[in-house]
Amino acid sequence: MSRKQLPEINAGSMADIAFLLLIFFLVTTTMQVDAGIARKIPKKQETPPIDINERNILEVNINKNNALFVDGNVVKLSELKQIAINFIENGAGTDINKNICDWCEGLKDKTSSDHPSKAIISIKSHRLTNYETYITTLDILNSAYTHLRNKLAIKLYKRNYESLLEDLKSSNNNNLEVQEKITLIREKYPLLLSDAEIN
């Protein structure tokens with residue numbers, strides 16, 4: 001009886017096929033990329049250091065345990081927005097052109113900021129700070145500016161700042177009248193946030 005020999009499969013080209021499949025999937029696979037935070041980073045300027053009065057800086061620190069400190073005092077995240085609003089809108093002095101803040105409804109406290117154009121909020125975080133705490137803090141501070149801008153827009157134009165932004169967006173940035181209103185509100189309440197890392 002003769003035995004039939006089983007035909008062998010040529011495995012020499014299997015490695016080539018596996019390699020081609022690997023390359024195919026590497027090339028055609030898309031990676032999901034995080035969107036990140038929409039922040040404009042200013043270009044480095046060669047200007048001499050500006051002498052800033054200490055009362056015009058609201059220092060917000062986040063330590064490695066995610067505890068929030070404002071000017072050295074422990075505060076809750078829920079209190080931060082009102083603290084920022086009171087600081088920005090204090091209006092105890094004048095701007096660089098010696099104009100008073102006649103739209104400010106703050107307490108005019110001489111130990112707090114002079115003018116919204118001088119009120120700088122400095123955020124310092126430890127490198128071990130949780131991102132969620134840092135982003136939440138930024139959101140709260142941005143919402144304080146939005147609150148003040150909305151209030152001023154309603155006072156001046158009988159509509160809030162956010163609706164002006166929507167109108168400008170819907171007009172593809174072509175509505176000059178709305179653009180001028182937005183620019184005026186931003187000049188009165190400029191977004192002055194500074195962030196740094198502490199060790």
Side-chain angles (χ1 to χ4, degrees), residues 32-43 45 52 55-60 62 68 70-71 75-109 112-125 130-196:
Q32 194 169 13
V33 180
D34 291 336
I37 302 171
R39 301 283 288 173
K40 288 184 181 178
I41 299 173
K43 294 178 182 175
Q45 298 175 354
I52 300 172
R55 74 174 188 223
N56 287 322
I57 300 174
L58 181 69
E59 204 169 288
V60 178
I62 310 169
L68 191 66
V70 176
D71 286 339
V75 297
K76 296 177 187 170
L77 277 171
S78 60
E79 301 169 335
L80 182 61
K81 182 176 179 178
Q82 192 57 49
I83 291 170
I85 289 170
N86 293 344
F87 174 74
I88 297 164
E89 196 177 37
N90 184 51
T94 59
D95 65 3
I96 57 172
N97 298 321
K98 304 293 184 210
N99 297 320
I100 62 166
C101 183
D102 54 3
W103 62 93
C104 290
E105 297 174 2
L107 299 174
K108 312 279 190 244
D109 182 6
S112 190
S113 70
D114 289 331
H115 195 274
S117 65
K118 291 181 177 179
I120 299 169
I121 300 177
S122 173
I123 307 166
K124 295 180 181 175
S125 62
N130 187 339
Y131 281 119
E132 183 179 354
T133 305
Y134 178 73
I135 298 302
T136 303
T137 303
L138 271 179
D139 286 345
I140 289 170
L141 294 172
N142 280 319
S143 74
Y145 279 100
T146 303
H147 172 82
L148 290 169
R149 289 173 175 178
N150 279 334
K151 195 164 85 172
L152 181 63
I154 289 169
K155 187 177 179 180
L156 295 176
Y157 309 119
K158 308 290 187 250
R159 54 191 299 209
N160 69 21
Y161 174 73
E162 290 170 322
S163 69
L164 291 171
L165 290 175
E166 288 172 12
D167 284 358
L168 186 64
K169 187 177 179 181
S170 66
S171 74
N172 291 327
N173 297 334
N174 292 328
N175 191 334
L176 295 178
E177 180 186 351
V178 172
Q179 205 166 19
E180 287 173 9
K181 290 177 181 179
I182 290 171
T183 302
L184 177 72
I185 292 169
R186 285 181 177 168
E187 285 172 358
K188 292 189 179 285
Y189 287 116
L191 183 67
L192 300 174
L193 289 177
S194 167
D195 54 351

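The figures that follow rest on heavy atoms only: side chains count, while hydrogens, waters and symmetry mates do not. Everything numeric here is computed off the predicted structure, so don't read it as measured data. Position 1 is the first residue of the sequence; numbering continues from there.
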Please tabulate, for side-chain N and O atoms in residues 183-192, each donor-acceptor pair with protein atoms closer than 3.5 Å (sequence neighbours left out).
unit_1 : atom_1 : unit_2 : atom_2 : d
Thr183 : OG1    : Gln179 : O      : 2.8
Arg186 : NE     : Tyr161 : OH     : 2.7
Arg186 : NH2    : Tyr161 : OH     : 3.3
Tyr189 : OH     : Glu89  : OE2    : 3.2

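- Asn174 and Ser171 share no side-chain donor-acceptor pair at under 3.5 Å.
- In terms of the side chain to side chain contact (heavy atoms under 4.5 Å, CB included) criterion, residue partners of Lys76 (sequence neighbours excluded) are, by chain and number, Ser78, Glu79.
- Interatomic distance, Arg55 CZ to Lys118 NZ, rounded to the nearest 0.5 Å: 8.0 Å.
- One distance of note links CD1 of Ile182 with CG of Leu165; it measures 4.5 Å at 0.5 Å rounding.
- The environment of Ile154 atom CD1 is dense: over 12 non-hydrogen atoms of other residues, nucleotides or ligands sit within 6.0 angstrom.
- Considering only residues two or more places apart in sequence or on other chains, Asp167 meets the salt bridge (charged side-chain N to carboxylate O under 4.0 Å, His left out) condition with Arg159.
- With sequence neighbours left out, the salt bridge (charged side-chain N to carboxylate O under 4.0 Å, His left out) criterion links Glu177 to Lys181.
- Taking 4.5 Å as the limit, every side-chain heavy atom of Asp114 sits out of range of all side-chain heavy atoms of Thr94.
- A donor-acceptor pair is defined here as one N or O able to donate and one able to accept, closer than 3.5 Å; no such pair exists between the side chain of Asn56 and the backbone of Ile120.
- Among residues two or more places apart in sequence or in another chain, the salt bridge (charged side-chain N to carboxylate O under 4.0 Å, His left out) test is passed with Arg149 by none.
- Shown here are the side-chain hydrogen bond (donor to acceptor under 3.5 Å, both in side chains) partners of Ser112, two or more places apart in sequence or in another chain: there are none.
- Between Lys158 and Lys155, the shortest heavy-atom contact is NZ-O, 3.9 Å.
- Distance CG/Leu80 to OG/Ser143: 8.0 Å, rounded to 0.5 Å.
- Looking only at side-chain heavy atoms (C-beta outward), Ile88 and Leu58 stay at 4.5 Å or farther from each other.
- Atom CD in Glu132 sits 10.5 Å away from atom CG in Asp139 (nearest 0.5 Å).
- The number of heavy atoms from other shown groups lying within 6.0 Å of NZ (Lys108) is above 12.
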Start with the C-alpha distance between Leu193 and Leu138, add both sets of side-chain angles, then the distance that settles side chain to side chain contact (heavy atoms under 4.5 Å, CB included), and finish with yes or no. CA-CA 9 Å; Leu193 289 177; Leu138 271 179; 4.3 Å; yes
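- When all heavy atoms are compared, the tightest approach of Tyr145 to Ala119 is OH-O, 3.7 Å.
- Closest non-hydrogen pair, Ile140 versus Lys81, comes out as CG2-N, 3.5 Å.
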Test side chain to side chain contact (heavy atoms under 4.5 Å, CB included) applied to Asp109 and Asn86, step by step: CA-CA 10 Å; Asp109 182 6; Asn86 293 344; over 6 Å; no
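- Contact check for Val70 versus Phe87: no side-chain heavy atoms found under the 4.5 Å cut-off.
- Annotation: the span from Ser122 atom OG to Ile57 atom CD1 amounts to 7.0 Å, rounded to 0.5 Å.
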